[in-house]
Amino acid sequence: MKPDFTRKLLQWNKSSNTRAMPWKGEKDPYKIWLSEIILQQTRVEQGWSYYEKFIAAFPTILHLARANEEKVFKMWEGLGYYSRCKNLIATARTIASEYKGKFPNTYDQIEALPGIGPYTASAISSFAFNAPHAVLDGNVQRIIARYFGITTPIDTTAGKKLFQTLAQSLLHHDEPGIYNQAIMDFGAVICKPQNPLCSDCVQKKECEAFKQNAVTQLPVKQKAIVRKERWFYYFIIECKGKWYIRQRTGKDIWENLFEFVLFESPAAVEDLTVKLPFLKKLVNGQACQIESISRMYRQQLTHQTIHGRFVKLKVQEALPALNHFLLIDKKQLSEYAFPRFITTFLGEPAPPAQLF
DNA sequence: AAATCGGGGTA
DNA sequence: TACCCAGATTT
């Protein structure tokens, strides 16, 4: 017995859903997987061009598995959540070696791969293999919370369990892939976070939130976001025509991306000349010519606000304190993946020369 | 269970 | 500014 919700959703999908995306209807598990990783916590419009770029560069999972890691990161540059990229490469290589390049076809095998959790495993296994697993993403959580009028927070253990159970109960078992695609499209197009199109909605007669005029209050989230302020001062140090860069390694933002010489301060720094102890220690008495100090940059992320400036300077001799850095040609800069905070600066015209 | 991991669009 | 986005992983 098909729930009324399911029947109406599929009817809406057939008659009115015009949403088109490059990966929609795709049956190649590699392409489905790639699109799903790109789209984790990422809007479709934002991920779209990355998907096309990746498919063009790596037509099959074996192409991706063989690719140079830094080249893949460069292609991911700007998309955020860079552990996705690390896991993307790891999974491609695992499938190449452990599965002879053939994507596994069961939910459990898929979910065991790095970077793939319950949502992505459900999406891949239903789209590619017609496995009966209901997806639970932000769209589905919102639809279910509103349709059933559920005030249990979605970001709690109890909430996740409840919503997953309800999502599964609504699944259309004959065509799980089509159903899963339809419910996400429905959430994106009709049951939107803001300004949902309730008057056009085929579910409005049964929707508890609509009946109680509580649509805008659902779903409920428990945790509020806490933001941390950080000040990043980057020193772009040129030596004999080359620049010092390094790869970020710590368990921190932008892991695996490249950066210049960083001085992070617990608060704003006024004097960025050689009087700054960090810089003084770095050049260790060597003559040092400061070429420019940038404007104040600010980037708002989900959990932190980054403030900072870029200081360009030249030294004549290599700095022993930077032994573990790479010294690269300016032309090679475009081969390395940098955070947006840095590429934004690099993309802006240089200010007129100044004396310090 | 809570904290983190980016970046960008929208109201 | 606050919230959200085809979530996953670590602490």
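Below, chains carry the letters A, B, ... as their sequence lines are ordered, and counting in each starts from 1. Source: prediction; values computed, not measured.
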| said: Within the 4.0 Å heavy-atom criterion, would you say Gln181(A) contacts the bases, only the backbone, or no part of the nucleic acid? | reply: base
| field | Inter-nucleotide P distance (dA6(C), dT4(B)), Å rounded | value | 25 Å
| query | Given dG7(B), is OP1 or OP2 found less than 4.0 Å from the side-chain N or O atoms of Arg43(A)? | reply | no
| Side-chain donor/acceptor contact of Gln41(A) with base of dA6(C) under 3.5 Å | no
| said: On the nucleotide dA2(C), are OP1 or OP2 found under 4.0 Å from the side-chain N or O atoms that Lys221(A) carries? | reply: no
| said: If we count only N and O atoms by modelled type, under 3.5 Å, do the side chains of Arg19(A) and Gln181(A) hold a donor and an acceptor together? | reply: no
| message | In terms of relative ring orientation, are Phe341(A) and Tyr234(A) parallel, tilted or perpendicular, with 30° and 60° separating the classes? | response | tilted
| request: Give one of base, sugar-phosphate or nothing for Arg248(A), where a contact means two heavy atoms less than 4.0 Å apart. | output: nothing
| Taking CD1 from Ile225(A) and C1' from dG7(B), how many angstroms apart are they, rounded to a whole number? | 13 Å
| task | Take the protein atom CZ of Phe163(A) and the nucleotide atom C1' of dG7(C), then report the distance between them rounded to whole Å. | result | 16 Å
| Atom CG of Asp252(A) to atom C1' of dT11(C): distance rounded to whole Å? | 15 Å
| note | Between CD of Glu255(A) and P of dA8(C) the distance, given in whole Å, is 19 Å
| If only side-chain N and O atoms of Arg227(A) are considered, is one of them under 4.0 Å from the OP1 or OP2 phosphate oxygen of dC3(C)? | no
| Does Tyr81(A) make a side-chain donor-acceptor contact with the base of dG6(B), cut-off 3.5 Å? | yes
| query | If you check the Leu301(A) side chain, which of dG7(B), dG7(C), dT11(C) turns out closest? | reply | dG7(B)
| Between dC5(B) and Gln304(A), is there an OP1 or OP2 to side-chain N/O distance shorter than 4.0 Å? | yes
| Taking CG from Asn139(A) and C1' from dC5(C), how many angstroms apart are they, rounded to a whole number? | 8 Å
| query | Short question: side chain of Arg84(A), backbone of Gly115(A) - any donor-acceptor pair under 3.5 Å? | reply | no
| query | Among dA2(C), dG6(B), dG7(B), which nucleotide sits nearest the side chain of Arg84(A)? | reply | dG6(B)
| query | Which whole-number value in Å describes the distance from Leu113(A) CG to dA8(C) C1'? | reply | 13 Å
| message | Closest-nucleotide mapping onto DNA chain B: is Lys192(A) or Asp155(A) further toward the 5' terminus? I mean the 5' end. | response | Asp155(A)
| Nearest-angstrom distance, P atom, dG6(B) to dT11(C) | 14 Å
| said: By nearest heavy atom, map Ala158(A) and Gln194(A) onto DNA chain B; which one lands nearer the 5' end? | reply: Ala158(A)
| said: Any base atoms under 4.0 Å from Leu79(A), or only sugar-phosphate, or nothing? Heavy atoms, all strands. | reply: base
| request: Looking only at non-hydrogen atoms, find the nearest pair between Leu10(A) and Tyr179(A) and report the distance. | output: CD2-CA, 4.1 Å
| task | Answer with base, sugar-phosphate or nothing: what part of the nucleic acid does Gly78(A) contact at a heavy-atom distance below 4.0 Å? | result | sugar-phosphate
| request: Ignoring the backbone of His303(A), work out which of dA11(B), dC5(B), dA6(C) is nearest its side chain. | output: dC5(B)
| query | Which class fits the ring pair Phe310(A) and Phe345(A): parallel under 30°, tilted 30 to 60°, perpendicular over 60°? | reply | parallel
| field | Whole angstrom value for the distance that separates P of dC4(C) from CG of Leu218(A) | value | 11 Å
| task | With DNA chain C as reference, determine whether Gly138(A) or Ala224(A) sits nearer its 5' end, using the nearest nucleotide of each. | result | Ala224(A)
| request: Tell whether Gln46(A) reaches the base of dG8(B) with its side chain through a donor-acceptor pair below 3.5 angstrom. | output: no
| Contact class for Thr302(A) vs. all strands (heavy atom < 4.0 Å): base, sugar-phosphate, or nothing? | base
| So which nucleotide from dT1(C), dA6(C), dG6(B) ends up closest to the side chain of Gln300(A)? | dT1(C)
| request: Would you please say whether a donor-acceptor pair under 3.5 Å links the side chains of Tyr336(A) and Gln247(A)? | output: no
| query | Under 4.0 Å between a Lys/Arg side-chain N and an Asp/Glu carboxylate O for Lys86(A) and Glu69(A)? | reply | yes
| Contact class for Asn180(A) vs. all strands (heavy atom < 4.0 Å): base, sugar-phosphate, or nothing? | nothing
| Contact under 4.0 Å: Trp23(A) side-chain N or O vs dA6(C) OP1/OP2 | no
| note | Side-chain atoms of Thr42(A) come closest, of dG6(B), dA11(B), dC5(B), to dG6(B)
| query | Any donor-acceptor pair under 3.5 Å joining the side chain of Thr120(A) to the base of dG7(C)? | reply | no
| Counting side-chain heavy atoms from C-beta on, which of dA2(B), dC5(B), dT1(C) comes nearest to Ile253(A)? | dC5(B)
| remark: Atom CD of Gln40(A) and atom P of dC5(B) are separated, to the nearest Å, by 17 Å
| field | Ring geometry between His133(A) and Tyr107(A) (parallel below 30°, tilted from 30 to 60°, perpendicular above 60°) | value | parallel
